[in-house]
Q: 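I am attaching a structure below and will ask some questions about it afterwards.
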Amino acid sequence: MAFATISRSASEWTAFSSDPTSKTIVLAVTGASGSIFAIEMLRALEVDPRVDRVHLVVSPSALRVLAEETGVSARNSLVDKLLGAPSEKISLLAHEDIGAPIASGSYRVDAMVILPCSMGTLAGIAHGMAGNLIERAADVCLKERRRLVLCIRETPLNLIQIRNMAAATDAGATIFPVIPTFYNHPQSVDEIARNYVHRVLQHIGLPQPDAYVWGAHGTPEDLG
């Protein structure tokens with residue numbers, strides 16, 4: 001799978017940079033299907049000048065799914081492989097490293113997104129297990145009242161999973177199911193993934209200049 005490089009001029013970001021503070025974002029990838037969404041998110045964060053640092057955590061199960069869905073394998077140079085080039089702002093943290101900076105509330109993080117979020121990870125977060133870096137970092141976001149977005153990817157849902165979603169929501173997380181939109185008339189799987197990622201980024205305060213906005217591209221009659 002080939003990934004094109006995103007290039008945007010500085011003027012495109014002007015209207016979207018009301019907050020001059022550089023953001024630190026945690027992106028976690030777990031072992032649910034949907035690797036293309038995680039890659040699209042990583043690429044968007046890489047080129048966003050409002051984001052100063054991205055901490056990437058990839059679970060062992062996610063590495064297997066990445067290999068099966070995209071052909072990208074091995075942890076070594078994973079960021080380079082996903083982006084097609086090295087990155088100075090993205091740091092890859094070990095899934096088992098509960099001593100990483102993001103495991104402490106004293107380390108400032110503006111938002112954490114788990115994309116995709118497996119049902120096992122959801123359960124660990126909903127019940128405060130903190131058994132690995134992803135669960136621990138999510139637990140920190142909840143206790144510090146920081147944005148935590150769980151992009152769940154499962155169907156159908158059983159009652160245990162529904163209750164876990166309710167528990168995580170009660171604790172302060174946002175459940176953001178990986179559901180595609182079609183009102184924007186996507187022409188490819190990449191466009192479907194990109195529009196979803198734009199919705200998530202808008203939710204955490206990082207609206208994208210090329211995001212599809214309902215009503216800004218014609219009336220419902222025009223789109224019918």
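When a residue number appears, it is its place in the shown sequence, counting from 1.
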Q: To the nearest 0.5 Å, tell me how far Leu27 CG sits from Leu45 CG.
A: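 Going from CG on Leu27 over to CG on Leu45, the span is 6.5 Å.
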Q: Could you go through the side-chain contact (heavy atoms from CB on, under 4.5 Å) check for Leu122 and Leu150 one step at a time?
A: CA-CA 8 Å; Leu122 168 66; Leu150 308 181; 3.9 Å; yes
Q: When rounded to the nearest 0.5 angstrom, what is the spacing between CG in Asn195 and NE2 in His185?
A: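 It is 12.0 Å, given to the nearest 0.5 Å.
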Q: Can you list every salt bridge (charged side-chain N to carboxylate O under 4.0 Å, His left out) pair that touches residues 89-107, not counting sequence neighbours?
A: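 Qualifying pairs, neighbours excluded: none.
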Q: When you compare the side chain of Leu82 with that of Val72, does any pair of heavy atoms fall below 4.5 Å?
A: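 Yes, at least one pair of side-chain atoms sits under 4.5 Å.
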Q: Among Ile90, Leu93, Val26, find the one that has a side-chain contact (heavy atoms from CB on, under 4.5 Å) with Leu56.
A: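 Only one option passes, and that is Ile90.
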Q: If we only count heavy atoms from C-beta on, is the Leu148 to Leu142 side-chain gap below 4.5 Å?
A: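 Heavy-atom side-chain distance check passes, below 4.5 Å.
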Q: Which pair of non-hydrogen atoms, one from Pro116 and one from Gly34, has the smallest distance, and what is that distance?
A: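 Between these two residues, the closest heavy atoms are CD-O, 3.9 Å.
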Q: Looking at Ala44 and Val197, what are the two nearest heavy atoms and their distance?
A: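 Shortest heavy-atom contact: CB-CG1, 4.4 Å.
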Q: Does some side-chain heavy atom of Ile102 sit less than 4.5 Å from a side-chain heavy atom of Val57?
A: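 Yes - at least one pair of side-chain heavy atoms lies under 4.5 Å apart.
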Q: If I compare all heavy atoms of Asp80 with all of Pro86, which pair ends up nearest, and what's the gap?
A: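 Looking at all heavy atoms of both residues, the shortest contact is OD1-CA, 3.4 Å.
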Q: If we only count heavy atoms from C-beta on, is the Asn158 to Ile162 side-chain gap below 4.5 Å?
A: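 They are not in contact (no side-chain heavy atoms under 4.5 Å apart), so the answer is no.
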Q: Give the cluster check for Val140 versus Leu133: same hydrophobic cluster or not, with ILVMFWY residues linked at side-chain heavy-atom distances below 4.5 Å.
A: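 No; Leu133 is not reachable from Val140 via cluster members.
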Q: Using 0.5 Å steps for rounding, measure from the CD1 atom of Ile39 to the CG atom of Leu66.
A: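 One gets 5.5 Å once the value is rounded to the nearest 0.5 Å.
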Q: Under a 4.5 Å cut-off applied to non-hydrogen side-chain atoms, are Phe182 and Pro180 in contact?
A: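 Of all side-chain heavy-atom pairs linking Pro180 with Phe182, at least one is under 4.5 Å.
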Q: Determine whether Ser33 and Glu69 make a side-chain contact, defined as any pair of heavy atoms from C-beta on separated by less than 4.5 Å.
A: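 The answer is yes; the side chains approach within 4.5 Å.
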Q: Taking NZ, NE, NH1 and NH2 as the nitrogens, is one of them in Arg43 or Glu46 under 4.0 Å from a carboxylate oxygen of the other?
A: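 No, this pair does not count.
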Q: In Å, rounded to the nearest 0.5 Å, how long is the span from CZ of Arg199 to CD1 of Ile179?
A: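 If we round to the nearest 0.5 Å, Arg199:CZ and Ile179:CD1 are 10.0 Å apart.
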Q: Please confirm whether the backbone N or O of Arg53 pairs with a side-chain atom of Lys23, one donor and one acceptor, at under 3.5 Å?
A: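 It does not hold such a pair.
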Q: Using the rule that Ile, Leu, Val, Met, Phe, Trp and Tyr join whenever any side-chain heavy atoms are under 4.5 Å apart, tell me whether Val65 and Leu115 fall into a single cluster.
A: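 No, because Val65 and Leu115 fall into different hydrophobic clusters, even though each may have its own neighbours under 4.5 Å.
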Q: Supply the atom-to-atom distance Thr121 OG1 to Asn132 CG, rounded to the nearest 0.5 angstrom.
A: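 So the OG1 of Thr121 and the CG of Asn132 are separated by 6.5 Å.
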Q: Indicate if Ile152 and Val178 have the same hydrophobic cluster label, given that clusters are the connected sets of ILVMFWY residues with side-chain heavy-atom separations under 4.5 angstrom.
A: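 No, no single cluster joins them.
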Q: Name all residues meeting the ring pair (Phe, Tyr, Trp, His ring centres under 6.0 Å) criterion together with His95; count only those two or more places apart in sequence or in a different chain, and write none if there are none.
A: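 Once residues adjacent in sequence are excluded, His95 has no partner under the ring pair (Phe, Tyr, Trp, His ring centres under 6.0 Å) criterion.
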Q: Is Tyr196 linked to Val113 within one hydrophobic cluster, defined over Ile, Leu, Val, Met, Phe, Trp and Tyr using a side-chain heavy-atom separation of less than 4.5 Å?
A: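 Same cluster: Tyr196 reaches Val113 through Ile, Leu, Val, Met, Phe, Trp or Tyr contacts under 4.5 Å.
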Q: Does any donor atom in the side chain of Ser104 or Ser106 lie under 3.5 Å from an acceptor atom in the other side chain?
A: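 Yes, Ser106 and Ser104 have a side-chain donor paired with an acceptor closer than 3.5 Å.
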Q: Please assess Ser59 against Ile134 for the test side-chain contact (heavy atoms from CB on, under 4.5 Å), listing each intermediate value before the final yes or no.
A: CA-CA 8 Å; Ser59 75; Ile134 294 176; 4.2 Å; yes
Q: Can you get from Met41 to Val51 by hopping between Ile, Leu, Val, Met, Phe, Trp and Tyr side chains that sit under 4.5 Å apart?
A: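 Same hydrophobic cluster.
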Q: Give the ring-plane orientation class for Tyr212 versus Tyr183, where under 30° counts as parallel, over 60° as perpendicular and anything between as tilted.
A: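 If you compare the ring of Tyr212 with that of Tyr183, the planes turn out tilted.
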Q: State, yes or no, whether a side-chain contact exists between His198 and Asp210 at a heavy-atom distance under 4.5 Å.
A: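 In short, these two side chains touch, coming nearer than 4.5 Å.
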Q: Mind listing the closest non-hydrogen atom pair of Ala126 and Asn164 along with its distance?
A: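 It is CB-O, 3.5 Å.
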Q: A side-chain contact here means heavy atoms from C-beta on lying under 4.5 Å apart; do Ile192 and Ile36 qualify?
A: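 In short, these two side chains do not touch, never coming nearer than 4.5 Å.
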Q: What about His55 and Tyr107, are their ring centers closer than 6.0 Å?
A: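 Distance test on ring centres: under 6.0 Å, yes.
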Q: CG/Leu206 to CD1/Ile25 distance, rounded to the nearest 0.5 angstrom?
A: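 Nearest 0.5 Å value for the CG-CD1 distance: 5.5 Å.
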Q: Can you name the nearest heavy-atom pair linking Met112 to Ala138, along with the distance?
A: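 Between these two residues, the closest heavy atoms are SD-N, 3.5 Å.
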Q: Examine the side chains of Glu191 and Asn184 and answer whether a donor and an acceptor come within less than 3.5 Å of each other.
A: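 Judged by distance alone, the side chains do not pair up.
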Q: Could you list all the salt bridge (charged side-chain N to carboxylate O under 4.0 Å, His left out) pairs where at least one residue sits in residues 122-151, not counting sequence neighbours?
A: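 For residues 122-151, and leaving out neighbouring residues, the salt bridge (charged side-chain N to carboxylate O under 4.0 Å, His left out) pairs sorted by first residue read Arg136-Asp139.
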